[in-house]
Amino acid sequence: MFRAGGMSVIDLLQGLVKEALAGAVKAGEVVLAEIPEPRLERPRDPAHGDWATNVAMQTAKAARMAPRAVAEIVARRIAGHPDIASVEVAGAGFINIRLSAHALQRVLREARERGTDFGRLDIGAGRRIQVEFVSANPVGPMHVGHGRWAALGDSMARVLAHAGWSVQREFYVNDRGVQMDVFAKSVAARYLELCGRDVEFPEEGYRGAYITEIAREILADEGEEWADAEPSAREEHFREKAYAQVLAHLQHVLHGMGVDFDIWFSERTLHIPAEDGGPSAVERALARLKDAGHLYEHEGALWFRSTAFGDDKDRVLKKADGSYTYFAADIAYHADKYDRGFDRVIDIWGADHHGYVKRMEAAVAALGHEGKLTVVIGQLVNLFRGGEVVRMSKRTGEMVTFEDLLDEVGPDAARYFFLRRSTDQALDFDIALAKEQSSDNPVYYVQYAHARICAILRKAAGADTADTSVDIAATAAALMRDDAPLHLLDSEPELALMRKLTEFPDVVEVAARQLAPNKLTRYAEDLAASFHQFYTQCRVVDPDDIELTAARLYAVDATRIALATVLGLVGVSAPDRM
RNA sequence: GCCCUCGUAGCUCAGUGGAUAGAGCGUCUGCCUCCGGAGCAGAAGGCCACAGGUUCGAAUCCUGUCGAGGGCACCA
């Protein structure tokens with residue numbers, strides 16, 4: 001693991017510990033065939049130091065020594081380094097390390113100098129990764145779960161990019177199949193009703209009011225000419241009109257939350273013949289599996305032997321009637337992804353699709369890309385309003401859509417709440433809380449810290465603290481002194497703030513590796529808390545102490561940059577004023 | 001019935017095999033002559049669902065039981 005740009009604190013410590021252990025081995029104090037990569041962590045209890053490593057426990061067995069004995073040897077070799085204030089051996093063999101104020105102060109320069117690149121890593125090494133998410137059927141409005149998956153996918157994409165991957169966002173459009181037909185029939189039925197015709201609404205049709213809206217628009221645009229048209233022609237025409245309208249709507253709503261896709265991939269294109277008239281993508285994918293010996297025929301259908309790759313049962317790809325299953329198209333779709341050169345593919349699916357994971361992994365393995373697909377299961381969202389469950393009826397189509405929610409709580413609160421829970425947890429979303437502008441609402445807590453910093457900067461620049469016309473970046477740049485005496489920052493709240501800032505690159509790494517954007521919101525709240533504590537105890541702008549003011553302004557601005565950066569990864573705005 | 005995910009403070013949830021298991025909300029008590037009180041400090045609150053196992057060490061890994069949600073089509 002290495003990081004673009006400067007060396008982070010954790011890298012420094014890891015290097016120190018490893019060097020110390022290697023030195024001990026070389027000197028014959030410890031006998032080890034292999035030096036492990038030491039793991040550093042922030043202890044929960046501050047009495048255990050700033051950082052701790054359990055490397056002595058990891059190696060004690062192989063070295064045939066007591067863990068504490070190994071720890072003592074390593075500790076002795078680290079002590080005395082200018083970045084280390086103290087080293088202690090504790091407990092079963094932990095090595096507790098306290099950083100010198102000097103080492104902590106360096107993170108402020110790192111943040112200031114790197115700006116929005118603070119915490120940027122190179123663990124992706126420029127490799128290409130695709131995140132496919134939302135992929136809602138273009139037959140109606142998105143539900144709230146789609147909104148959560150949109151926030152998840154987009155934030156994952158952001159944090160992966162920050163970790164050095166080359167990221168593409170993709171939306172798979174299921175624009176063929178039974179649902180599209182039902183959709184078309186539903187619109188046609190409403191249209192005929194509007195024309196005063198006596199029609200029976202399809203039993204399994206979509207009953208949402210939006211269907212009538214679409215029908216009404218077609219009627220306004222094209223009149224009643226379709227009422228007497230041949231039914232199949234009418235349905236095909238309506239399907240395309242309605243599809244285009246819904247797709248545009250999906251794009252509009254997602255854009256409203258700051259989620260924009262690079263590619264909208266049409267399922268239909270997988271079924272049309274190649275440009276040279278050759279076989280379709282689906283046919284090519286099946287041929288590939290067939291050549292590799294993974295297909296067989298049974299009872300008139302063509303099957304994929306997915307059980308050979310860990311699936312529960314084999315799956316049909318081509319039905320007895322000659323048509324392809326959805327799964328066949330999905331295999332072709334994934335084959336296409338890898339053909340496009342992605343080193344890794346992430347699919348975010350709703351919890352209702354988790355039964356589909358094994359077969360998809362089996363297919364990807366059969367195509368020769370084992371291990372390059374990660375399916376993330378996004379759990380659903382339960383809506384509450386002031387503690388009361390918001391009831392929805394699928395039958396009547398009455399529901400609170402994602403768009404409704406976005407209109408009511410706004411994109412910042414929506415995204416922040418969607419990301420606060422781990423991905424595999426069902427989410428209880430309280431609309432009343434998300435709208436509340438108080439400390440009960442974590443998104444405001446974090447944004448308030450940022451706005452508060454901006455107010456301090458305005459104050460320091462001699463402007464009114466509430467003057468919105470002040471350009472914060474320019475103000476900060478003008479105020480900061482490269483020679484600010486950072487060594488004055490040695491009180492506990494100041495040190496705590498700097499310690500928290502040193503964690504940021506690590507948070508980015510963990511969030512990217514675990515595909516866990518909820519680590520970002522948690523960190524944002526921790527950092528905001530550290531700042532608020534600092535603010536309460538440390539007066540920043542003090543005309544009687546120019547030097548301390550310069551140093552604290554430097555720390556405050558480093559915090560502003562870190563807050564803005566982490567909020568950027570979450571996809572939430574960092575307001576100058578609230 | 002089989003498969004997947006989840007059971008952690010009154011509530012909502014963090015917790016990458018490590019030390020006395022954490023946060024927010026809620027409850028109770030304090031803090032504004034001072035840069036934004038949308039803030040800060042403190043108190044109370046736990047058999048990490050249960051039972052075994054793995055090891056120096058388990059909320060975390062394995063097995064079983066109980067409970068919650070979801071999935072089990074030649075649908076998409």
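Every value quoted in this text rests on a predicted model; they were computed, and no experiment measured them. Chain naming here is simple, since letters A, B, ... match the order of the sequence lines and numbering starts at 1 in each.
- For the segment residues 53-65 of chain A, the set of residues with a heavy atom within less than 4.0 Å of an atom of RNA chain B comprises A:Asn54, A:Met57, A:Lys61, in numerical order.
- Comparing the same atom, C1', in B:U8 and in B:G15 gives a spacing of 9 Å after rounding to whole Å.
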* **Dot-bracket pairing map - RNA chain B, Watson-Crick plus G-U, both contacts under 3.5 Å, | cross-strand** => (((((((..((((....[...)))).(((((.......))))).....(((((..]....))))))))))))....

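- Residue-nucleotide stacking is not present for A:His354 and B:G71, judged by a side-chain ring centre under 5.5 Å from the six-membered base ring centre and planes under 30° apart.
- Classification of A:Glu132 and A:Lys337 as a salt-bridged pair holds, one side-chain N sitting under 4.0 Å from a carboxylate O.
- Nucleotides B:U20 and B:G64 have their P atoms positioned 31 Å apart, rounded to a whole Å.
- Ion pairing between a basic and an acidic side chain is recognised when a charged N comes within 4.0 Å of a carboxylate O; A:Arg499 and A:Glu492 show such pairing.
- Stacking of A:His353 onto the six-membered ring of B:G70 is not present when judged by under 5.5 angstrom between centres and under 30° between planes.
- With B:C13, B:C74, B:A19 as the candidates, the nucleotide lying closest to the side chain of A:Glu299 is B:C74.
- Between A:Phe304 atom CZ and A:Leu289 atom CG the span is 6.0 Å, to the nearest 0.5 Å.
- Nucleotides B:U27 and B:G10, compared at atom C1', are 9 Å apart to the nearest Å.
- Between the side chain of A:Ser306 and the backbone N or O of A:Arg359 there is no donor-acceptor pair closer than 3.5 Å.
- B:A51 and B:C11: their C1' atoms are spaced 28 Å apart (whole Å).
- Within the 4.0 angstrom heavy-atom criterion, no nucleotide atom of any strand lies near A:Phe327.
- The residue A:Ala466 sits apart from the nucleic acid: no heavy atom pair falls under 4.0 Å.
- Using a 4.0 Å heavy-atom cutoff across all strands shown, A:Lys319 reaches at least one base atom of the nucleic acid.
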